[in-house]
Amino acid sequence: MKPEPATTLVDELRRAVREVGAPEDFEPGLERPRDTSHGDYATNAALVLSGRLGEPARDVANRILQAFDKEAAGVMEIEVAGPGFLNFRLRDAVYWRGLLRILKADHAYGRSARDRPRAVNVEFVSANPTGPLHVAHGRGAAIGDVVASLFEWTGDAVTREFYVNDAGRQIDLLAASVEARFQQRVGEEAELPEGGYMGEYVRELADRAIQEEGLERLLGMEPEERVVLFGKLAIRWVREGHERDLDDFRVHMDLFREESGLYTRGEIEGVLERLRAGELIYEEGGATWLRTARFGDEKDRVLIKSDGSYTYFLPDIAYHLDKRSRGFDLAVDVWGADHHGHVGRMKAALPALELPEDFLEVVIIQLVTVTRGGKEVRMSKRAGQFVTLRKLFEETGVDVARYFFLMRRAEVPMSFDLDLALDTSEANPVYKIQYAHARLCSVFERASLRPEEARATEEELAELRRESEREIAKSLQRFPDVVLGAAQARAPSQVCAYLERVAGLVNAWYHEGNLDPSLRIIADGPARPGRLVLARAVQITLRNGLRLLGISVPQRMDREE
RNA sequence: GCGCCCGUAGCUCAGGUGGAUAGAGCAUCGGCCUUCUAAGCCGAGGGUCGCAGGUUCGAGUCCUGCCGGGCGCACCA
């Protein structure tokens with residue numbers, strides 16, 4: 001699983017450490033120092049062992065150094081540094097060989113397998129079908145989509161799922177809102193119901209109903225009948241809008257799972273029976289409660305209200321049981337910040353249903369504010385005017401919108417800077433990465449070489465002597481590890497940070513050739529084949545990284561002039 | 001009041017699960033255009049990592065307590 005250079009090093013280190021008297025259970029750790037003067041890898045083994053061996057750390061380090069077989073591990077140089085670190089500098093050949101491996105892996109570079117792949121369900125967006133998707137949904141969509149991809153890239157099987165709350169009271173409210181707009185349209189006095197939906201789209205729904213169903217027919221209906229029809233139509237149309245928005249935002253759901261199905265299939269009743277049998281529910285004040293407090297929630301929660309209707313919590317429990325019974329090993333729910341209060345109760349419900357505690361994982365997406373000219377673009381759902389996801393990505397482009405949502409950690413509230421998003425210079429991190437890729441495409445064009453045909457022997461690669469080249473080769477080889485780490489942390493932002501860093505190194509390398517033409521990638525000389533292979537390896541890594549993020553990989557960046 | 005999240009450069013934020021001298025972009029200042037695309041490049045200044053303790057050889061990172069901000073605390077969804 002670990003990249004090649006590290007494995008051989010760790011093996012040898014493990015052996016050397018045993019030789020100096022480390023206990024059997026001791027595992028030496030290997031890290032990559034930030035500072036390149038500290039070598040390619042470093043270990044703190046001596047620092048950790050010094051306590052257990054009762055010997056100064058630097059002495060332990062020196063003994064490990066003596067025991068270490070450099071030849072076997074592809075190490076050029078070892079030094080004892082600071083309080084007792086061992087710094088390893090690998091032979092350059094290790095990195096040049098790594099470049100050839102990248103070329104060979106090509107589209108698979110960055111992907112890894114798992115001994116036992118898991119079936120993972122990533123549920124995200126899950127917007128109520130009562131209005132268009134807005135920017136916060138967009139952030140959840142981008143992050144959920146890439147978290148799902150990260151599972152795929154690291155060897156799990158993933159289902160992308162959207163939970164449709166098509167059964168609750170908010171649907172009735174939407175229907176009543178459409179009815180009110182309909183009344184107004186035909187010249188009647190009508191007011192939106194209490195808590196109704198005020199958005200402009202409600203008027204559009206009413207108009208569309210008139211257009212498609214015919215005014216005569218609608219007017220001829222009993223109001224109750226008409227409201228039911230409006231409800232059905234509104235849900236259908238709003239959902240179609242959601243699917244279209246997501247599609248255009250390059251988010252492709254495998255499944256839209258409907259809440260209403262939980263009722264018709266009797267899954268809700270099944271849950272109630274199960275809980276009743278386990279004596280986990282009780283009645284009080286006319287309502288039916290679940291003993292979530294027993295499982296770590298702050299208090300018990302109502303499942304059935306005293307008027308006999310169900311709370312949202314009950315179908316949600318059934319839904320998670322449904323996920324489990326469909327064979328998933330892990331359910332990752334991506335929720336908006338306004339739902340974080342539900343994490344405790346949902347997690348408490350799992351053991352009540354005898355589901356493993358780690359079956360459910362919740363990623364909370366914090367709020368997004370959109371700023372233009374340094375000022376916040378207001379979005380107020382109550383006033384019915386908000387920035388829809390579609391409007392946002394139509395203005396910035398899908399690449400930019402996705403990237404901006406992805407580059408920040410989910411748990412920090414972010415501001416979406418429209419000015420930066422619309423900036424087409426390399427100040428915009430998306431372009432910085434895409435541009436680095438496009439530049440190298442252009443280099444290959446200049447070299448009259450198809451990128452797939454880049455070839456170099458190890459001897460030719462050894463002609464790469466510049467520090468920038470070594471640095472790039474080194475950082476490219478981190479990619480699989482970065483993907484693994486990001487997957488583990490459920491943090492697409494780590495991939496963004498990595499790609500920006502690589503793009504920065506690459507752009508600097510490229511620009512060395514502006515000042516000194518002999519340093520150009522296509523400049524004639526013994527280093528040319530190696531440079532082209534390095535360029536190819538960069539292309540592959542950036543391309544795969546962008547693909548992972550669902551961002552396009554342009555061959556060229558056309559500039560307007 | 002309770003819970004979750006956040007607090008890192010003037011601003012927006014990274015910081016690879018505890019390492020060595022804390023990074024990027026924007027903004028500011030200085031230099032560079034007949035380029036393998038200068039919508040760019042090179043460089044400079046700018047930090048008590050909210051505060052106080054603790055664990056550790058070693059803390060922006062882990063623990064505790066405060067302070068500040070956001071969100072949530074329904075028989076709403």
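Hydrogens, waters and symmetry mates are skipped; everything else that's a heavy atom, side chains included, is used. First the proteins, then the strands, lettered A, B, ... as listed; each starts at 1. Computed from a prediction, not measured in an experiment: that's the story for all the values here.
- Taking a pair to require two hydrogen-bonding distances under 3.5 Å in either a Watson-Crick or a G-U wobble arrangement, B:rA24 pairs with B:rU12.
- The side chain of A:Thr424 lies closest to B:rA39 when the candidates are B:rG40, B:rG15, B:rA39.
- Within the shown strands, B:rC32 is the pairing partner of B:rG40 under the Watson-Crick or G-U definition, both distances less than 3.5 Å.
- Among the atoms of the strands shown, none is found under 4.0 Å from any heavy atom of A:Glu445.
- Remark: A:Arg63 engages A:Glu55 in a salt bridge, criterion side-chain N to carboxylate O under 4.0 Å.
- Aromatic stacking is marked for A:His38 over B:rA20, as both cut-offs hold: 5.5 Å for the centres and 30° for the planes.
- With a glycosidic angle more than 90° from 0, B:rU55 adopts the anti conformation.
- The partner of B:rG7, taking Watson-Crick or G-U wobble pairs whose two distances both stay under 3.5 Å, is B:rC67.
- Between A:Arg409 and B:rC6 there is a side-chain N or O to OP1 or OP2 distance below 4.0 Å.
- The CG atom of A:Asn514 sits 12 Å away from the P atom of B:rC33 (whole-angstrom rounding).
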Exercise. Would A:Tyr431 and A:Asp399 satisfy side chain to side chain donor-acceptor pair (under 3.5 Å), going step by step from the backbone distance to the final call?
Worked result: CA-CA 9 Å; A:Tyr431 296 131; A:Asp399 285 340; over 6 Å; no
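- Nucleic acid contact class of A:Ala42 (heavy atoms, under 4.0 Å, all strands): base.
- Looking at A:Asn128, its side chain never comes within 3.5 Å of a backbone N or O of A:Asn165 through a donor-acceptor pair.
- One finds a salt bridge joining A:Arg257 and A:Asp322 here, because a Lys/Arg side-chain nitrogen approaches an Asp/Glu carboxylate oxygen to under 4.0 Å.
- Closest contact between the side chain of A:Arg520 and the listed nucleotides B:rU12, B:rC36, B:rC75 involves B:rC36.
- For B:rG19, its base sits under 3.5 Å from the side chain of A:Asn44 at one donor and acceptor pair at least.
- At a threshold of 4.0 angstrom between heavy atoms, the contacts of A:Tyr310 are confined to the sugar-phosphate backbone, with no base atom among them.
- A straight line from CG of A:Leu174 to P of B:rC76 spans 20 Å, rounded to a whole angstrom.
- Heavy atoms of A:Asp297 sit nowhere under 4.0 angstrom from any nucleic acid atom.
- Distances were taken from every side-chain heavy atom of A:Leu367 (C-beta onward) to each of B:rC6, B:rC71, B:rG19; the shortest belongs to B:rC71.
- Here, B:rG19 and B:rG25 have their C1' atoms 27 Å apart, quoted to the whole Å.
- If you check B:rC57, B:rC75, B:rA14 against the side chain of A:Thr311, the one that comes closest is B:rC75.
- Remark: B:rG19 base-pairs with B:rC57. Criterion, Watson-Crick or G-U wobble with two distances under 3.5 Å.
- Rounded to whole angstrom, the span from the OH atom of A:Tyr312 across to the P atom of B:rC76 amounts to 14 Å.
- Ring geometry for A:Trp335 against A:His320 counts as perpendicular: the plane angle is over 60°, on a 0 to 90° scale with 30° as the lower cut.
- B:rU61 and B:rG1 are spaced 31 Å apart, taking the C1' atom of each and rounding to whole Å.
- Atom P of nucleotide B:rG70 and atom CD of A:Glu376 are separated by 12 Å, given to the nearest angstrom.
- With a cut-off of 3.5 Å on both Watson-Crick or G-U wobble distances, the partner of B:rG1 is given as B:rC73.
- Between B:rU55 and B:rA59, the two P atoms lie 12 Å apart (nearest whole Å).
- Of the C1' atoms belonging to B:rA22 and B:rA9, the separation is 11 Å, rounded to the nearest Å.
- Counting any heavy atom pair closer than 4.0 Å across all strands shown, A:Gly513 reaches a base atom.
- Atom P of nucleotide B:rC36 and atom CG of A:Asp516 are separated by 13 Å, given to the nearest angstrom.
- Using a 4.0 Å cut-off between a side-chain N of Lys or Arg and a carboxylate O of Asp or Glu, A:Arg490 and A:Glu361 qualify as a salt bridge.
- The separation between A:Leu418 atom CG and B:rC11 atom P is 21 Å, rounded to whole Å.
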For this session: Mark up nucleotides 22-31 of chain B, 5' to 3', with B wherever a protein heavy atom is under 4.0 angstrom from a base atom, S wherever such an atom reaches only the sugar-phosphate, and - elsewhere.
Result: ---SS-----
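- Between the side chains of A:Arg439 and A:Asn507, at least one donor N or O sits under 3.5 Å from an acceptor N or O.
- No contact: A:Ala486 has no heavy atom under 4.0 Å from any strand.
- A salt bridge links A:Arg466 with A:Glu512: the closest approach of a Lys/Arg side-chain nitrogen to an acidic carboxylate oxygen falls below 4.0 angstrom.
- Residue contacts for A:Ala447: at a heavy-atom cut-off of 4.0 Å it reaches no nucleic acid atom on any strand shown.
- For A:Ser306 against B:rC75, a side-chain N or O and a base N or O form a donor-acceptor pair under 3.5 Å.
- Stacking between A:Phe85 and B:rA20 is present: the aromatic ring centre lies within less than 5.5 angstrom of the base six-membered ring centre, and the two planes differ by under 30 degrees.
- A salt bridge does not link A:Lys474 with A:Glu469: none of the charged nitrogens is closer than 4.0 Å to a carboxylate oxygen.
- Distance, A:Tyr498 OH to B:rG15 C1': 16 Å, rounded to whole Å.
- Using a 4.0 Å heavy-atom cutoff across all strands shown, A:Arg501 reaches no nucleic acid atom at all.
- Listed by first and then second residue, the side-chain hydrogen bond (donor to acceptor under 3.5 Å, both in side chains) pairs that reach into residues 409-419 of chain A come to none, sequence neighbours excluded.
- In this structure, A:Gly195 reaches neither bases nor backbone, as no heavy-atom distance under 4.0 Å exists between it and the strands shown.
- Note: A:Phe256 and A:Phe162 meet the aromatic proximity criterion, with ring centroids under 6.0 Å apart.
- Nucleotides B:rG60 and B:rU48 have their C1' atoms positioned 13 Å apart, rounded to a whole Å.
- A distance of about 41 Å separates the C1' atoms of B:rC33 and B:rA20, rounded to the whole Å.
- With distances taken from any side-chain atom of A:Leu47 to the nucleotides B:rC75, B:rC36, B:rC57, the minimum falls on B:rC57.
- Residue side chain A:His340 reaches the base of B:rC71 through a donor-acceptor N/O pair under 3.5 Å, judged by distance alone.
- Of the candidates B:rC71, B:rC75, B:rU17, B:rC71 carries the atom nearest the A:Ala337 side chain, counting heavy atoms from C-beta on.
- What separates CZ of A:Arg301 from C1' of B:rG72 is a distance of 11 Å, to the nearest Å.
- Separating the C1' atom of B:rU21 from that of B:rG47 is a span of 13 Å, rounded to the nearest Å.
- Between A:Glu298 and A:Arg301, at least one side-chain N (NZ, or NE/NH1/NH2) sits under 4.0 Å from a carboxylate O, which counts as a salt bridge.
- Between A:Ser415 and A:Phe444, the residue whose closest nucleotide on RNA chain B is further toward the 5' end is A:Ser415.
- Not one side-chain nitrogen or oxygen of A:Lys299 sits closer than 4.0 Å to the OP1 or OP2 atom of B:rA74.
- Across all strands shown, A:Val482 has no heavy atoms under 4.0 Å from either base or sugar-phosphate atoms.
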